[in-house]
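Since the model is a prediction, treat every value here as computed from it, not as a measurement. By convention in this document, chain letters (A, B, ...) are assigned in the order of the sequence lines, proteins followed by strands, and residues within each chain are numbered from 1.
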Amino acid sequence: MLKKVGVVAVLAALCSVVVATTAWGSAKPRTLAAATGSVKCGKKVTIGVAYPETGPAATLGTPQWDWANFAKSSWNKSHKLKIAFTRGDTVLAGNNPQAVQVAHAFASNGKILAVTGPAGSQEMEDTASVWKKAGIGPVSGSETRVALTRALSGTPRETTPGYFFRTVPNDGQQGDNVATFIHSVLKKKNVRIIDDEEAYSQGLSLQVKNDLQADGVTVTTDHISQQNPDYNSVITAIPSSTQLVYIPWQVPAMAQQFFSQLRANGDKQLVMGSDGTDDPSTFKGAGSYVSGFPVDTSSSALKSFQKAHNGDPETFGLPTYTSVMVNATAINKACKAGHGKTTRTAVRKAVAKVKLSKSVSLLGFPVQFLKGNAGKFQGPGDMGGKSSFGIYQIQKNGAYKRVG
Amino acid sequence: MHHLLTFNIIDQIRSLGWPGAFSLLRNGLVLGSLYALIALGYTMVYGILKLLNFAHGDIYMVGAFIGYGVLVAFGGALSPTIPIVPLIILMFAVSMAGSGFLGVAVERVAYRPLRNGPKIAPLISALGVAFFLESSVQLLTNSAHYLYNGYQLGGKNGNFGPLLNPVFTVDGIPVTVVQTLVILTAIALMGVLVYLVYRTKFGKAMRAVAFDREAAAMMGIDTDRIISMTFFIGSVLAGAAGVMYGLYLGDTYFFLGFLFGLKAFTAAVVGGIGSIPGAMLGGILIGLAESFSTGYVGGQWSELVVFGLLIGFLIVRPTGLLGSHAIQKV
């Protein structure tokens with residue numbers, strides 16, 4: 001009996017080795033082939049969409065997926081070459097290995113010519129080498145860390161130029177705008193910054209803190225978990241001298257609830273949110289400020305999206321729409337240039353040259369990627385020109401009025 | 001480094017003063033009341049089945065959504081179509097009933113068939129149910145956050161309503177109607193539970209099943225019914241906690257039960273898992289620990305303190321504050 005078990009075990013082990021070796025042997029060439037191989041464009045091409053579909057960050061991934069689909073249907077209505085998606089769930093919150101798995105899956109899928117996403121800056125940092133090896137330059141609609149596109153003192157650039165693009169202005173641009181507005185326009189001298197312990201929030205917090213302190217503003221900080229909905233004790237801890245509370249969070253409902261709890265505690269400080277909280281249908285704290293894209297709210301595309309989503313503009317996902325448009329435009333051009341055939345390399349190079357008008361990007365400014373450094377914070381892969389954030393004040397009726 | 005932290009804490013205690021301390025006490029008691037109600041569900045099920053029902057936090061989340069559904073069905077917080085007192089009572093009633101029946105269904109479908117299987121099986125099933133409930137609600141709600149806007153309930157033109165009226169103030173710090181409602185409702189429900197468990201025939205049967213299920217069955221107790229009722233009562237309390245959470249903190253979404261559930265589980269362990277008074281005490285302690293650590297040390301420390309307590313109790317006093325060593329018959 002024991003002998004039989006031993007034989008079976010040895011056979012099973014041998015099989016495992018054979019299977020593993022075959023898989024290893026075939027996976028590498030598949031990735032390399034996918035990177036360099038020529039793909040027939042046909043009538044439909046595939047874009048990989050990497051976003052948090054499940055887990056606590058699904059709240060952020062859902063607007064991205066909704067806007068990506070909106071971009072797909074808009075594109076497919078007006079172009080001969082249709083686009084299709086392959087989706088990859090990166091989970092995001094504290095689960096970068098999942099993002100790496102998605103990157104490998106996309107890399108070895110020869111059909112995928114371009115990638116929209118991933119969602120988090122830390123995910124891009126961890127997957128940069130996989131994308132580069134696969135010949136893909138992902139276009140993200142939500143990764144805002146400055147170091148992804150620009151080396152700063154003590155921080156090297158985290159991606160190779162030409163292998164990463166984003167359709168969202170970075171933390172440096174947003175932070176600079178916000179800090180200037182707080183210091184020069186609102187003339188506040190005491191500011192409390194509360195981050196939500198996520199990479200997006202922490203990066204932006206640090207940027208605004210540094211800028212404000214450089215302007216001589218007193219800044220105190222605190223933190224709250226994105227999964228903790230009770231802000232009462234965080235509010236109790238706010239120094240009484242504080243004039244403005246800056247909350248660069250990603251969930252508009254959290255901002256609204258923070259505002260309500262602050263007022264319920266009898267505190268009168270101004271509240272200012274970031275682009276993550278920019279959602280007129282949810283964050284309605286009268287007198288508060290948010291930074292956000294100068295979106296044309298009268299555009300028919302935005303209205304049509306809202307109509308299809310119960311009036312919710314899901315603003316956090318808007319740059320993902322732009323990212324899909326960038327990828328679709330690049331693939332279309334590369335396919336035309338290759339007479340019906342293209343490669344990932346050709347698509348990636350075409351992405352770098354894409355120009356979208358203001359009306360197509362929906363961001364409130366035209367999109368074109370930088371080839372070199374610009375200003376204090378932008379580098380190759382960032383949007384150049386007028387890409388930036390507006391500052392909005394929330395009116396009593398909940399409407400957002402641009403004030404900066 | 002730790003000297004710096006100590007000085008910061010002392011500075012913070014001084015700068016917040018007595019009003020700050022009272023404010024943190026108030027916040028901790030309200031939050032602790034919610035944890036206590038949820039912890040009771042963990043502890044009752046553990047007491048009777050020795051099962052860690054990890055799906056319990058998600059039943060609480062579903063309870064919060066049911067309460068929200070009732071609120072919306074009657075016009076929402078900003079324009080309710082019926083007076084707010086019957087509306088709130090209705091929210092509690094429907095949510096408690098819905099959560100109760102969900103708890104019974106979970107027990108019937110996911111735990112009962114595994115009751116005589118290996119001990120690990122129901123535990124894994126509990127994790128499966130938790131993910132099933134989370135994912136179902138995620139799909140149904142498209143991952144969105146839903147706000148109760150409880151503070152505005154009964155207010156005019158979107159202004160704060162009567163739930164934010166102060167009942168009394170201490171050093172200028174108000175204790176509002178909604179905070180009092182949470183604490184008093186929790187006390188009342190816990191009182192009813194204690195009466196039910198220690199003063200009724202059903203409670204006696206429940207304690208008998210917890211003590212020795214086989215012997216209880218031989219004495220003619222319908223153990224399946226008692227276990228179902230235990231799930232029902234635990235889930236009813238979670239449903240009530242869900243509505244109280246909604247009215248007080250407001251932001252309801254599919255992942256809500258995860259962290260709240262873990263903290264309530266910690267409360268049950270700290271109080272002594274299996275002990276009903278222990279769950280109440282543990283809930284209050286965890287609420288206070290979270291509130292004071294957030295206020296005096298910083299928000300990033302609150303979870304470290306809460307789960308540090310869990311580890312500390314498991315190592316130093318695994319029976320918790322009010323738990324007792326079970327005597328193993330051999």
Original post:
So what's closer than 4.5 Å to chain A heavy atoms on B:Y296: side chain, backbone, both or neither?
Top reply: neither
Subject >> side-chain hydrogen bond (donor to acceptor under 3.5 Å, both in side chains) partners of A:Q393, counting only residues at least two apart >> reply: A:Y289
Subject >> Residue part contacting chain B, namely of A:D222, when any heavy atom lies under 4.5 Å >> reply: side chain
Original post:
Is there a side-chain contact between B:K263 and A:N228 (heavy atoms, below 4.5 Å)?
Top reply: yes
Original post:
Under a 4.5 Å heavy-atom cut-off, does chain B meet the side chain of A:E197, its backbone, both or neither?
Top reply: side chain
Original post:
If you count the non-hydrogen atoms of other residues, nucleotides and ligands that lie under 6.0 Å from CZ in B:F22, is the total more than 12?
Top reply: yes
Original post:
Is there a side-chain contact between A:Q261 and B:L249, using heavy atoms and a 4.5 Å cut-off?
Top reply: yes
Original post:
OG of A:S225 to CD of B:Q300: how many Å apart, nearest 0.5 Å?
Top reply: 11.5 Å
**OP:** Side chain from CB out, backbone as N, CA, C, O: work out which of these in B:Q138 comes under 4.5 Å of a heavy atom of chain A, or both, or neither.
**Re:** side chain
Original post:
Relative to chain B, which segment of A:D66 carries a heavy atom at a distance below 4.5 Å: side chain, backbone, both, or neither?
Top reply: side chain
Subject >> Top contributor to chain B contacts, counting heavy-atom pairs under 4.5 Å, from A:D230, A:V251, A:T282, A:V234 >> reply: A:D230
Original post:
Is chain A contacted by the side chain of B:F254, its backbone, both, or neither, given a heavy-atom distance below 4.5 Å?
Top reply: side chain
Original post:
Is B:N157 atom CG crowded by more than 12 heavy atoms from other residues, nucleotides or ligands, each under 6.0 Å away?
Top reply: no
Subject >> Audit row: A:N232, B:Y248, side chain to side chain donor-acceptor pair (under 3.5 Å) steps and yes/no >> reply: CA-CA 10 Å; A:N232 286 293; B:Y248 178 53; 3.0 Å; yes
Original post:
Which region of A:D195, side chain (C-beta onward) or backbone (N, CA, C, O), has a non-hydrogen atom less than 4.5 Å from a non-hydrogen atom of chain B, or is it both or neither?
Top reply: neither
Original post:
Can you tell me how far CD1 of B:I173 sits from OG1 of A:T236, rounded to the nearest 0.5 angstrom?
Top reply: 7.0 Å
**OP:** Answer with side chain, backbone, both or neither: which region of B:S15 has an atom nearer than 4.5 Å to a non-hydrogen atom of chain A?
**Re:** neither
Original post:
Does A:N310 CG have over 12 foreign heavy atoms under 6.0 Å away?
Top reply: no
Subject >> Donor-acceptor under 3.5 Å (A:T59 side chain, B:A144 main chain) >> reply: no
Original post:
Which value, rounded to the nearest 0.5 Å, describes the distance between A:K284 atom NZ and B:L78 atom CG?
Top reply: 7.0 Å
**OP:** Measure the spacing between OG1 of A:T62 and CG of B:N142 and express it to the nearest 0.5 Å.
**Re:** 5.0 Å
**OP:** Would you indicate whether the side-chain heavy atoms of A:T54 and B:E134 approach each other to under 4.5 Å?
**Re:** no
Original post:
So A:Q227 and B:Y253, side chain to side chain contact (heavy atoms under 4.5 Å, CB included) or not? Walk me through it.
Top reply: CA-CA 10 Å; A:Q227 289 174 49; B:Y253 74 119; 3.7 Å; yes
Original post:
Checking B:F131 against chain A: side chain, backbone, both or neither under 4.5 Å from a heavy atom?
Top reply: neither
Original post:
At a heavy-atom separation under 4.5 Å, does B:Y245 approach chain A through its side chain, its backbone, both, or neither?
Top reply: side chain
Original post:
When rounded to the nearest 0.5 angstrom, what is the spacing between CD in B:E290 and OG in A:S233?
Top reply: 7.5 Å
**OP:** Check whether more than 12 heavy atoms from other residues, nucleotides or ligands sit under 6.0 Å from atom NZ of A:K72, and answer yes or no.
**Re:** yes
Original post:
At what distance, to the nearest 0.5 angstrom, does CE of A:M254 lie from NE2 of B:H145?
Top reply: 8.0 Å
